[in-house]
Participant: 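Attaching a single structure in structure tokens format; questions to follow.
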Amino acid sequence: MAIRIEIIDDRCKGCGVCVELCQFEVLAMHDDPGPGGKHIPHVIDLSNCVACGMCEMYCPDNAITVIRKTEEIKIG
Amino acid sequence: MNVSASGDRANYPLRQELLPTAWCAGCGIGSVAGIFAEAVKEKGITADALALYSGIGCASRIPDTLDIAHCRISDSMFINALGRSCDSNNGKKAVVFLDNADIMYTGLEDWVHLDAGQDMLFIHTNNLIYVETANGVYANTPFARHTTGKSVLPFNMSGLAIEHGARFVARWTPLQIGWMKFSIIDALGKNGFSYIELLTPCVVLKPDSSVVLSAADRMLFYDRITRFSDPLDCQALDLRCPSKIAVGLFADR
């Protein structure tokens with residue numbers, strides 16, 4: 001299963017809940033403030049992600065989407 | 001390649017064009033909006049079958065983020081006006097996003113006139129703000145906590161809802177937002193009066209330094225101060241209890 005995490009910077013307010021609740025240290029906050037002066041999260045190690053969806057569920061601004069892609073298997 | 005539905009929020013009844021929301025960073029109200037949208041989708045309810053209501057205060061803006069018809073009642077007789085509106089909504093499930101400002105503005109007297117058999121789901125974001133002055137509303141120290149000023153009795157709306165004959169009553173914090181989604185799904189399937197409370201204090205201060213906790217620190221705070229109550233243990237609802245705050249399902253009938 002391929003996993004992709006999309007973070008919409010315009011929606012994020014930099015509360016950091018996603019980083020705090022990620023059990024696998026996939027996300028971290030940017031050290032430098034981005035546009036608007038807010039620190040926003042970014043993916044630091046996608047290989048650790050198990051697609052639990054905690055960041056997506058807890059984000060108060062619907063700024064994170066965890067996209068899970070599965071290979072389609074054809075039989076016959 | 002297939003993309004699973006859980007990764008596609010564009011299909012939810014969220015009005016994407018209105019995001020980001022106007023709430024403070026990390027506020028639990030934003031979580032309620034997202035979770036309600038997911039619950040509606042998982043329950044398979046169409047927008048035509050719902051009627052959303054809200055009053056005043058921050059939580060009154062939740063319906064704005066959803067692509068479902070809603071009515072805002074800024075009336076000092078909020079509950080009475082709500083009852084009249086629900087009578088004329090052609091059998092739609094009424095979902096009311098209640099804010100503490102509504103309770104302060106209208107008082108609780110109207111609750112006794114609410115028809116317990118009316119098909120309504122109250123989702124109350126209790127931000128633990130109680131004091132209203134001419135200059136605005138402020139957080140006050142809950143009863144039995146240390147303070148240099150006045151303390152106030154916290155609302156026990158969940159207890160009041162149970163006494164009023166609610167079919168479904170649950171209480172959660174933003175840390176248990178996933179559980180809250182299941183509560184909303186269950187409550188949407190109930191006929192009659194249901195009530196779900198989300199305890200999400202506006203401001204949490206560290207007692208030693210008076211530093212305001214960040215949204216991330218508040219999640220740890222919720223973990224520390226809450227406990228899962230025994231199912232249907234209504235005695236645990238009192239927020240004055242000096243031990244941990246009880247969360248969970250308190251009525252399902």
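Below, read A as the first sequence line, B as the second, and so on, with proteins coming before strands; counting in each chain starts at 1.
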Participant: Can you tell which part of B/S214 gets under 4.5 Å to a heavy atom of chain A, answering side chain, backbone, both or neither?
Facilitator: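 Interface part for B/S214: neither.
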Participant: Can you say whether B/L220 sits under 4.5 Å from chain A via the side chain, the backbone, both, or neither, judging by heavy atoms?
Facilitator: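 Contact with chain A involves the side chain of B/L220 alone.
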Participant: As an exercise, state the distance from SG of A/C15 to CZ of B/R218, rounded to the nearest 0.5 Å.
Facilitator: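 Those atoms lie 9.0 Å apart.
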Participant: Check the surroundings of atom CD in A/E25: do more than 12 heavy atoms from other residues, nucleotides or ligands lie under 6.0 Å from it?
Facilitator: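 Counting other residues, nucleotides and ligands, CD of A/E25 stays at 12 neighbours or fewer.
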Participant: Minimum heavy-atom separation for B/G26 to A/P60, with atom names?
Facilitator: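 So the two residues come closest at CA-CG, 3.7 Å.
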Participant: Working to the nearest 0.5 angstrom, can you tell me the gap between B/I35 CD1 and A/M57 CE?
Facilitator: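 Rounded to the nearest 0.5 Å, the CD1-CE separation comes out at 6.0 Å.
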Participant: CG of A/L21 to CG of B/L175: how many Å apart, nearest 0.5 Å?
Facilitator: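 So the CG of A/L21 and the CG of B/L175 are separated by 7.0 Å.
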Participant: Considering non-hydrogen atoms only, spot the tightest contact between B/P20 and A/K13 and give its length.
Facilitator: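 In terms of heavy atoms, the two residues are closest at CB-CE, 4.4 Å.
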Participant: Quick check: closest heavy atoms across A/Y58 and B/Q176, and the distance to 0.1 Å?
Facilitator: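 Distance-wise, the nearest heavy atoms are OH-N, 4.3 Å.
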